[in-house]
2 protein chains.
Amino acid sequence: MSVTIKDVARIAGVSISTVSRVINNSKPVSPEIRKKVLDVIEEIGYKPNEIARTLVTKKSFLIGVIVTDIGNSYIADMVRGIEEVGKMYNYDILLCSTYGDKAAELKYMQLLNRKQVEGIILVSDVLNSEIREQIDKYDIPFVFLSRFSHQEDYATVTIDYIDASYEMTKYLVSLGHRNILYLGVKEDVNSLESMKIKGFERASTDTEGMNSNIHFAKGYKIEDGYEAAKEIFKDYNDFTAIYCSNDELAIGVMNYCYDNKIRIPDDISVVGFGDISIVSNLRPRLTTIKIPFYDIGAVAIRRIIKELKKEPLEEKCTILPFHLQKRDSSIKIT
Amino acid sequence: MSVTIKDVARIAGVSISTVSRVINNSKPVSPEIRKKVLDVIEEIGYKPNEIARTLVTKKSFLIGVIVTDIGNSYIADMVRGIEEVGKMYNYDILLCSTYGDKAAELKYMQLLNRKQVEGIILVSDVLNSEIREQIDKYDIPFVFLSRFSHQEDYATVTIDYIDASYEMTKYLVSLGHRNILYLGVKEDVNSLESMKIKGFERASTDTEGMNSNIHFAKGYKIEDGYEAAKEIFKDYNDFTAIYCSNDELAIGVMNYCYDNKIRIPDDISVVGFGDISIVSNLRPRLTTIKIPFYDIGAVAIRRIIKELKKEPLEEKCTILPFHLQKRDSSIKIT
DNA sequence: TTGAAAGCGATACCAC
DNA sequence: GTGGTATCGCTTTCAA
C-alpha cells in the first residue's frame, strides 16, 4: 500500500515520534537525524495522510460551502473569494450545490458536519428555521450569504441595499429622469428586495415632480425580465427609465427592447443592480450597482478563519461598500 | 466534546461493535438491540465521524476537482455535472482553482492526494509533463478535461472537434456563404484549435468557389475578439461571415459590430463555438456549436466512480455528441 | 448474535 | 533530543 510514517521511521532507523517532529517542526531534532529523515521521505516519496492527522488534531482544514448553484456567475464570484482567501490559510473548499432544494440544504449541512469541516458558508436565498436549528447544534463558525434576504441572527456580509438603491435612483434623477419605472420582485418586508424598494421610494419622495411606478416580475431570471417588459410596455406610458432590481431582469428587458426595436439608451434608459460579470460585456453596457461578490466571499471566510483562530471578531453583520457603475445603458434626457 | 460511538455504546449498554453494526447494517443485530441503539443515537444526536471512518475503510468519498477558474461559465457547467453525478453515488467535491498557475496545479494535486481523495478530475488547458509524472505516481482514477488541448494517454471526455467544425462551416456554406473568415487562436498541431481549423479547411476544400481566410486573435477572451475584429474589418474585404473558434471571441466581435453600427446578421453573419451559457441570452442570439459541458463533467466522474467500483471501463477517450445550435446571428445571403 | 481487541496513520505526552 | 505509548473514532477480524 502507500508509505506511512512507520516506513519512514523504520528505513531512517528512528522512531515515528522523531519523524513526526521533523514533518511538523514541532520540536527540536538534531541536524543529522533531521537530514536523514528528510532524505528518506524524499526517497520513498512519503506524504502524510491528512485524514489520520485530522483525526487526532481535529483540524480538517476544510470549509464547507453550500450554494444554490455554482453556475450563477455571482455565486461563482463569491466562491472565488472564499477559495482564494481560504487557500491563503491552507483551507480547502468542500462544495455542495442544492439547486434550490431546501431539503438538500439540510442534508448537506449534516454531511459537512460529519465530514468534520471546520466552518460552513451557506449561500442561499433564505435561512429557514430548520437550518437555524441545525447550525445552532453544531458548534462551528457559520456565515450566511444571500442576495435576497436579510437576517440579523447569524454572521453575514452584505452591502447597504437601501443606500445603494437610493443612490441609483438619485443618479437617474440627476440625469433628468422623473418618470421612472421600478421593476422588482415581490418579497416580504425583511427581504433585500424590500430594501431596494425602500431606497427607491425614499429617493422618489425626496424628489420634486417625481412620478414613479413599481412593477413586479414573476422571478429573478432573464426570462422573467423579458416577460415583465412585455407587460410594462403595454401597461405604462411616459416612463423614461426602467430601474431593474437585479441585472438578470435588466438583461431580459434589454432583450425585449432589442427584439422590439426599442433603443437603449436613446428611447429609454435601463439600469440594473448587481453587476454580475457578464453585464460589463453586453451591449449596451449596463449601468448598475456593483455588489462586491468576490469581496463578500473573501470577508466571509476571513471571518470564519478568525473565529477558528479565536481572534477578536467584529459585529455579526459586515457591510461592504458598493459602487455605482455608470455605463452606456442610461443617458441624460433632454 | 461531540458524541462518539462510545457514548452510544455506553448509554445503550452494548459494545461499540454492535453500534457499528447497526449503523452500517453490516451484520445481523437482534431487533430489540437494534431499536435500543437507534433510539439512543436519535436521542443524543450521534453522527458518525467520517474522518475516523475513512481512516479505516480508506474510502473518503471525496473527488478532487482542479479547475483553472470556476468563474468561467463552461467550467461551472462541467463542475455541475461532476457534482450532481457525484452526489448520486455519495461522492463530494473538493474544489481547487488555479487561475492558470501551473505550479498551483501541481501543488493541488499533491494536496488532494494527501487529503485522500479517491479520484481527481483536472480541468485545464494543457496536461504538462510534471502533472503526468505526478498522477502516474498516485494510484487513483484520473480524468483530464480540456477545452483546448487533446491527449491520448489519460482518460478524457470530449467531442469530435474536426467534425463539429466541418459541420459548422458546411452550415455557413449552406446559407450561401463563400467568403468566410475564420477567427481562431494559434496553437500547436495537437490542440483542439488546430482540429477546428482542420475541419474548417476540410469543408473549404470540399466547397466550390470557397474563399476562406484565417485570422488569429491574441487569446481566448472577449477583449481579444474585440481587438481582432478591429483588425479584421481593416484588413479583409468581402467576407460575409465570421466563424469564431469560441463564443468569447464571437461576443467580442459582436460587441465591435455593435459599437461600429455593423448589423448582425444583416451586414454580416457571426457564429461561435461552445455555447457557453450566456450566449443564448445575448442579442442577437448566437449560432454556435453546443459542447455538452455538463455531460462532459457527468461522464468524467461517472468513469471515475466506475473505476473505483472496478466496473469495466470503455476506452480512455469518450467522444460525446455535439449539436449545431442555429440561432439568429447567422443568415442566408441573397 | 455479541463483545474484545487489533488496527488505520498520525500526534502528543511522558519518560529517559 | 529521542523513543515508547496512549489516543483520536471508527471498522473488522476472531472468539465466545
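Order of the sequence lines sets the chain letters (A, B, ...), proteins ahead of strands, with each chain counted from 1. Here the structure is a predicted model, which means the values were calculated and not measured.
- A donor and an acceptor atom, one from each side chain of A:E84 and A:Y294, are located under 3.5 Å apart.
- The NZ-P distance, from B:K58 to C:dA10, rounds to 9 Å in whole Å.
- Spacing between atom CG of B:N25 and atom P of C:dT1 amounts to 13 Å, rounded to whole angstrom units.
- Contact check on A:D92 versus A:K87 returns a salt bridge, with a Lys/Arg side-chain nitrogen under 4.0 Å from an Asp/Glu carboxylate oxygen.
- Between the side chains of A:S15 and A:T18, at least one donor N or O sits under 3.5 Å from an acceptor N or O.
- Contact between A:V65 and A:I82 at its shortest, heavy atoms only, is CG2-CG2, 4.0 Å.
- Using cut-offs of 30° and 60° on the angle between ring planes, the pair A:Y220 and A:F148 is tilted.
- Protein atom CG of B:N49 is 12 Å distant from nucleotide atom P of D:dC8, rounded to whole Å.
- We find that CD of A:E50 is positioned 12 Å from C1' of C:dT11, with the value rounded to whole Å.
- Spacing between atom CG of B:L55 and atom C1' of C:dC8 amounts to 4 Å, rounded to whole angstrom units.
- Using modelled atom types and a 3.5 Å distance limit, the side chains of B:R132 and B:Y154 yield no donor-acceptor pair.
- In this structure, B:K47 atom NZ and D:dC10 atom C1' are separated by 16 Å, rounded to whole Å.
- Comparing C:dT11, D:dC10, C:dA10 by their closest approach to the side chain of A:S20 singles out C:dT11.
- When rounded to the nearest whole Å, the span between NZ of B:K36 and P of C:dT1 equals 20 Å.
- Between the side chains of A:K59 and A:Y91, at least one donor N or O sits under 3.5 Å from an acceptor N or O.
- When the nearest nucleotides of DNA chain C are assigned to B:P31 and B:A52 by heavy-atom distance, the more 5′-ward of the two goes with B:P31.
- Distances shown here put every side-chain N or O of B:K59 at or beyond 4.0 Å from the OP1 or OP2 atom of D:dT11.
- When rounded to the nearest whole Å, the span between CD1 of A:I5 and P of D:dT5 equals 16 Å.
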Strictly under 3.5 Å: I want the nitrogen or oxygen pairs between protein and nucleotides 2-5 of chain C, one per line.
unit_1: C:dT2; atom_1: OP1; unit_2: B:S30; atom_2: OG; d: 2.7
unit_1: C:dT2; atom_1: OP2; unit_2: B:S30; atom_2: N; d: 2.7
unit_1: C:dG3; atom_1: OP2; unit_2: B:S15; atom_2: N; d: 3.1
unit_1: C:dG3; atom_1: OP2; unit_2: B:S15; atom_2: OG; d: 3.1
unit_1: C:dG3; atom_1: OP2; unit_2: B:T18; atom_2: OG1; d: 2.5
unit_1: C:dG3; atom_1: N7; unit_2: B:R21; atom_2: NH1; d: 3.2
unit_1: C:dG3; atom_1: N7; unit_2: B:R21; atom_2: NH2; d: 3.3
unit_1: C:dG3; atom_1: O6; unit_2: B:R21; atom_2: NH2; d: 2.4
unit_1: C:dA4; atom_1: N7; unit_2: B:S17; atom_2: OG; d: 3.2
unit_1: C:dA4; atom_1: N6; unit_2: B:S17; atom_2: OG; d: 2.9

